[in-house]
Structures are given as structure tokens and as C-alpha cells.
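Take a look at the structure below.
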Amino acid sequence: MKSFKLFIISLSTLMGVSCNNDFLERYPLDQVNDQNFWRSEQDLELFNNNFYATYIQGFGYDWQDGRVQPYDYNVATIVYGDVITDNAAPNAYSRVAANQYNGHISGGSGSGGWGWGNVRSLNYFLENYRRGDVPEDVQNLYAGEVHFFKAFEYFEKVKLFGDVPWISKVLQTDSPELLAPRTPRAEVIDSILVSLDKAIEWLPAKGAEKSGRINKDVAYHLKARVCLYEGTRRKYHPEMGLDGTELLRQCAASCEYLMGQGYALYSTGDTASDYNSLFAQYSYAGNPEVILWKEYSAALNLGAAFSRYYAQNLRHQHGATRSLVDEYLCIDGLPISSSPLYLGDDSIQVELQNRDPRLPQTICNFGEYALASHVSGSGNAPKPNIPGLSGNKCPTGYRVAKWFLDDPADWDRVTLGEQAAVVYRYAEVLLNYAEAKYELGEGTQDVIDRTINLIRARTGMPALDIANIAADPTLDQQYTQYCDYVPSPLLREIRRERRIEFAFENFRWDDLMRWKAGRFLEIPVEGITFVQEQFPAVRVGQDVFLSEDGRIMPYFQTLPDGRIFDDRQYLFPIPVEDLVLNTNLVQNPGWEQ
């Protein structure tokens, strides 16, 4: 596994420098500029450090209060990305999830993810890294990093916009590419994979890389993610007219490579706490599950105000949804609709009993994952701050326990918090493999035993027997109503496992988009069953509003008609100003003025 310590330098003067044709010009050797740079390995390393800060965000930096556009969630994307999905509900509803996004009108040129500055910087490196007298294998190593980051950048753009311009050189103000149309999606994906294959070829093997830098396994991991996303998106969006079979094969092959590299799921044998403790650590050195992680250090002045504001102040003021909670199985491996062990939902205390142990390790029961009483923000536990109570709100009552680091010392570090961030982990490799093999028609019991059943075993859940999969009419009905198709029982369980295992790790939006399941956002947003005796000061009909079966409805007033998903939301819009500047660009369907 690989950690990343944040290095920040400024190379803006170098990357924006213009060429001077006067050969008599002499450049001072004690200053960084385009003429005396690129000469040493250190130069290449320093240049690339900026990309690490850009693409391996972790929990962000310092106050950790930036917002990611166009999604408009906190910069700690791994943790907060689910707030625009059916997994979570922020106190002020997400405009993206409610189909009210209009950033393409108000944001200006290059906004909402359509910016190209990062691509220019990446291309700038690729045009210059061979200029110095540096051994070729060393040059290739740092070029491998840049190819990885370029693939990362373009993958994010393809997910947002579909077709995007593939730019392979540094553009000038008179470059014709500035007015070119978008490159077809399939060509961009091919170019992404070429970049990833370069990264795989040139990056060092696991254990041979410098401290804090990526290795070959990290590139294989991203390749598996890209290929699964695009392969399944092509299958479930037939209007694209593209075949994803070969991509699914490449996903499976990348996973098979990683499955042979000695990784394993983190486990101490404590099924009641291992899953939660995986996400609440200061270091993942030696952790067999973590392929890439971000390290923070107060001593090096490299930290983030994550654990303080996540644990104490509910920074994003969000809670999990009933939709997510209901999908967790009972400990007998059966869904709540058919398990005799399900005790009902008269209260959260009852609802969490006899359930997949990941549920009470992801969602706080009252009195658990509580802050010390002397710590500011302790009112968030043992009961959540639902509407009607003081403090930042948990609007659904399902307060999230995942990522909760129970250490007031780290909260007191404020912007120098040291909680480490998991970026890539082996469980994703296993679930990517299980899904890719299923989609290839190769979803055998052996595949499930090597993937899903290993993950279930960590928390003591029964193994999945593909010859004896329990019916789940409730979930099947949701697929019928909101997706217009019902997956096979095995695929349903693969998808369930993915939702449960990766809750609050920023997978859900991408999964819904590639499965063409965006209308799951229309499932009514509900929270815990409200028990008046537990919240005597909260007034029903004024502070909280309840569904017919007594569930908190956080958007009863603000979204009386609920969230409505439109097919246009499968892609984001290009900023209007960019359409004016380049008339060869065509807006994505449904976003035309």
C-alpha cells in the first residue's frame, strides 16, 4: 500500500512562462525558470508534487472547507460525495440531486468541471521532461506518474460530460484546437487506457517506489475502475451505441493482477468493529487492504480539519437515508422483507438489531460513537441533532459512524488533524471483479467465494450461495418502478454488496449513473422513525414532519414534490460561455437553452 504526504510548491511561474528567442539571454541558475529547469530528477519530482496535491485529495487541506464543482459537496470527496445520492441527505437539499443545477449559466467559462488548466500542466510536463540529462528510466518513472494523473483527469471529465476534447499538447492562444469540437467518448476512453498502460509500464512495482509516491498497482486499480465504469455504462445505456465487453475483460484482467499481489482484507477477527476501525486510523502502513492512502502530519504542518468537523460539528449537516438502511440484510443473510430476525422499525434501536454488522458500524445507534461530554459538539451524541434541536443538523436522524475517529486529541489539532484517508482499497478490487465477471457471463460460485464472500466473512455474515438467493420483492419493485428493468438475483446481490460496503466512500453516484439507475434518487427521502419520548422538545408539524408510518421527512417543506430525476442528469452541461466562445461545441442533451 502507498501513502501520500502532501507536498505543495509553486511552479506557476515556470508553467506559464513564454519562450524567449534571444539566444543571448542568460538565466540565473539560482532561480526556477524554463531554461534551467528539467535538468535533474529533483526537478521532475518537484513538478509532479503539484499533481499529487491535485489528484489525491484525501480529506483536503487546512480548514478543509472547499467545495467541489459541479457537485457542490465538500472537498473531502471520499466521505461527502454520497450527499448527492440516495445514500444520504444534507440539511439543505442537494440541487444536483433535485435536478436544479444551473451552474452552466452562472459559473462562467471553464466552470463546473470544464476547466482545462490541469490538462495544460500535464501536457507541459510531457512536452519537456526529456530535456535534461536524466537517465531515461528515471524520466519514464515521472512520466508514468503524469500519464496516471492525465488518465485520472480525463476519466473525471468523461463521467461529467461524455465527449470531451482530447488535448495532447500545450495550446497557445492561436492554436486551432481551441475551437475544435469534442472528441468522441470512445476515442477519449481509448486514450485514457493508453495513458494508463504507459503508467503501468513505467511506474515502479509495489515496494520499489519512493516514499509517498504511486506505484504500478495504483495504476492497475484505476484501470479496473475506468473499465468497469465504462463497460457497464455502455451496456446499460444502449443509446450510446458502444460495446463494453472488451472493457469488462480488461477490468477483470486488471483485478486478477491485483488479486495476485498479496493484498487481503483488513481484519483482526473482531466482526463487531473491524469494518468501522478500518476508516479511523492514523496510518495504513502495513495494512494489507489499503492500496493507496493519504498521510497527514502535524509535525510537518500537513493536516486537515477533518476529524474535528466531521465528528464534532457534522460539517455537511447530513444523515443517511432510510433507503440505504433498508438495503442491509439481516444476520441470517435475508432481506428485511423476509427475514424472521427483522424486528421492525419502531425505533432506531430496534431497527439496527440483528442486521449486517456493517450497519451499526456505519450508522450510529443512540449512545454509540459518542463524543466525550466536555468536548464541544458532544450534543451530536448520544442522540443526533435532528431539526428542532440546537447545533448543526442531522436531518434524517441516521448519524454516520463511518470515518468517526474517537480521539479528542485529533479534534483539538483543528487544521492539523492527522487522521489518514483511505484512497484505494482492495475491497473495491474484489467487487469490481465480481461485477465484471458477472457481466461477462462468468459469475460463478468460485468468483463469488473469492470476492463477495470474503467481504461478508470479515463481519461474520453468511456466504452468498448463488444457487439459493433469497427473493427481495421490495428491491425488485424499486428496480421496476425507477429503472424499468429488474436485474437477476445475483446481480442484485452484487450491487447490494457494493452499496453496503462502499457507503460514504463516494461510489454511489457513479454507480447509479453507469447502471442507468438515476431515478433511484426519486425514492422518497426519509429518516428514522420519530419517537416523541426520545425527543421531547421537538415539535411534530413544526420542527419535524413525518410520513404516514412515522418516519422523519427532511424535505417535506423544501421539496414537497420530492426529488425528480431527468435523463439529462446522466451528463452535466457545458458552461454557456464556453459554447459562445467555441461554436463547434454542442451542448449535452436536455441542457439546451
Side-chain angles (χ1 to χ4, degrees), residues 1-8 49 52-53 55-64 75-80 145 203-218 221-222 258 261-270 272-312 358 361-362 369 371 400-429 458-459 501-502 504-506:
M1 72 293 302
K2 201 65 232 140
S3 73
F4 166 60
K5 293 181 180 179
L6 174 63
F7 298 94
I8 299 181
N49 286 343
Y52 278 84
Y55 295 109
I56 305 177
Q57 287 280 323
F59 300 137
Y61 325 107
D62 300 320
W63 287 104
Q64 186 249 324
V75 69
T77 59
I78 295 173
V79 177
Y80 294 117
E145 292 184 347
L203 285 171
K206 178 181 69 172
E209 72 281 3
K210 284 187 175 182
S211 177
R213 307 198 81 83
I214 61 176
N215 58 36
K216 198 179 301 289
D217 289 6
V218 176
H221 190 105
L222 181 58
L258 291 170
Q261 298 306 302
Y263 297 103
L265 297 176
Y266 167 79
S267 175
T268 68
D270 187 348
S273 66
D274 278 345
Y275 179 76
N276 182 270
S277 63
L278 173 61
F279 304 97
Q281 300 186 24
Y282 286 119
S283 173
Y284 292 97
N287 189 302
E289 181 168 350
V290 179
I291 296 172
L292 178 66
W293 59 288
K294 184 166 182 175
E295 184 176 8
Y296 292 93
S297 169
L300 296 176
N301 201 35
L302 304 172
F306 174 71
S307 69
R308 177 185 182 91
Y309 289 102
Y310 182 76
Q312 286 186 244
R358 285 172 293 186
Q361 294 179 64
T362 302
Y369 302 99
L371 289 75
V400 181
K402 193 170 178 176
W403 300 101
F404 179 93
L405 178 67
D406 189 11
D407 187 358
D410 201 55
W411 309 335
D412 289 343
R413 295 186 186 106
V414 193
T415 61
L416 294 177
E418 296 185 334
Q419 181 175 352
V422 178
V423 180
Y424 291 165
R425 64 187 181 100
Y426 186 55
E428 183 188 348
V429 175
R458 173 177 19 211
T459 53
E501 180 68 18
F502 297 144
F504 301 102
E505 292 183 60
N506 196 23

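Keep in mind that this is a model prediction, so the values were computed, not measured.
The heavy-atom pair separating Leu416 from Leu302 by the smallest distance is CD2-N, 4.2 Å. Minimum heavy-atom separation, Ala304 to Gly60: CB-O, 3.5 Å. Across all their heavy atoms, Leu405 and Ala280 have their closest contact at CD1-O, 3.4 Å.
Listed for the Lys402 side chain is no donor-acceptor partner under 3.5 Å among the backbone atoms of Phe504. With Lys206 contributing its side chain and Asn215 its backbone, the two residues share no donor-acceptor pair below 3.5 Å. Not a single donor-acceptor pair under 3.5 Å links the side chain of Asp410 to the backbone N or O of Arg413. Side-chain atoms of Glu209 do not come within 3.5 Å of backbone N or O of Pro204 as any donor-acceptor pair. Judged by distance alone, the side chain of Glu145 and the main-chain N or O of Asn49 form no donor-acceptor pair under 3.5 Å.
In this structure, Phe306 and Phe59 have parallel ring planes: the angle between them is below the 30° cut-off, well short of the 60° mark.
A search for side chain to side chain contact (heavy atoms under 4.5 Å, CB included) contacts involving Thr77 returns Val68, Tyr73, Asn506, not counting sequence neighbours. Taking Leu265 as the reference, Glu289, Tyr426, Ala427, Leu430, Leu454, Ile455, Arg458 meet the side chain to side chain contact (heavy atoms under 4.5 Å, CB included) condition, with sequence neighbours excluded. Taking Ala272 as the reference, Asp270 meet the side chain to side chain contact (heavy atoms under 4.5 Å, CB included) condition, with sequence neighbours excluded. The ring pair (Phe, Tyr, Trp, His ring centres under 6.0 Å) search around Tyr424 returns His221, not counting sequence neighbours. For Ser267, the side chain to side chain contact (heavy atoms under 4.5 Å, CB included) test picks out Asp274, with sequence neighbours left out. Considering only residues two or more places apart in sequence or on other chains, Tyr266 meets the ring pair (Phe, Tyr, Trp, His ring centres under 6.0 Å) condition with none of them.
Side-chain contact between Gln281 and Asn287 is present, with at least one heavy-atom pair separated by less than 4.5 Å. Residues Val414 and Tyr309 meet the side-chain proximity criterion, which asks for heavy atoms closer than 4.5 Å. Looking at heavy atoms from C-beta onward, Trp411 lies out of side-chain contact with Gln419 at the 4.5 angstrom threshold. Annotation: side chain of Arg425 is not in contact with side chain of Trp293 (no heavy-atom distance under 4.5 Å). Here the side chains of Val79 and Phe279 are not in contact, with every heavy-atom distance at 4.5 Å or above. Looking only at side-chain heavy atoms (C-beta outward), Leu203 and Ile214 come within less than 4.5 Å of each other.
Of the inter-residue distances, the one linking Leu278 atom CG with Thr268 atom OG1 reads 11.0 Å to the nearest 0.5 angstrom. Distance CD1/Ile56 to CD1/Ile78: 10.0 Å, rounded to 0.5 Å. Rounding to the nearest 0.5 angstrom, the gap separating the CD atom in Gln361 from the OH atom in Tyr369 is 5.0 Å. Atoms NZ and OH, on Lys294 and Tyr52 in that order, are 12.5 Å from each other to the nearest 0.5 Å. How far CD of Glu418 is from OG of Ser283: 10.5 Å, rounded to the nearest 0.5 Å.
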Stepwise side-chain contact (heavy atoms from CB on, under 4.5 Å) test for Asp412 and Arg308: CA-CA 7 Å; Asp412 289 343; Arg308 177 185 182 91; 4.1 Å; yes
side-chain contact (heavy atoms from CB on, under 4.5 Å) for Val400 and Tyr310? Distances and angles first, verdict last. CA-CA 9 Å; Val400 181; Tyr310 182 76; 3.2 Å; yes
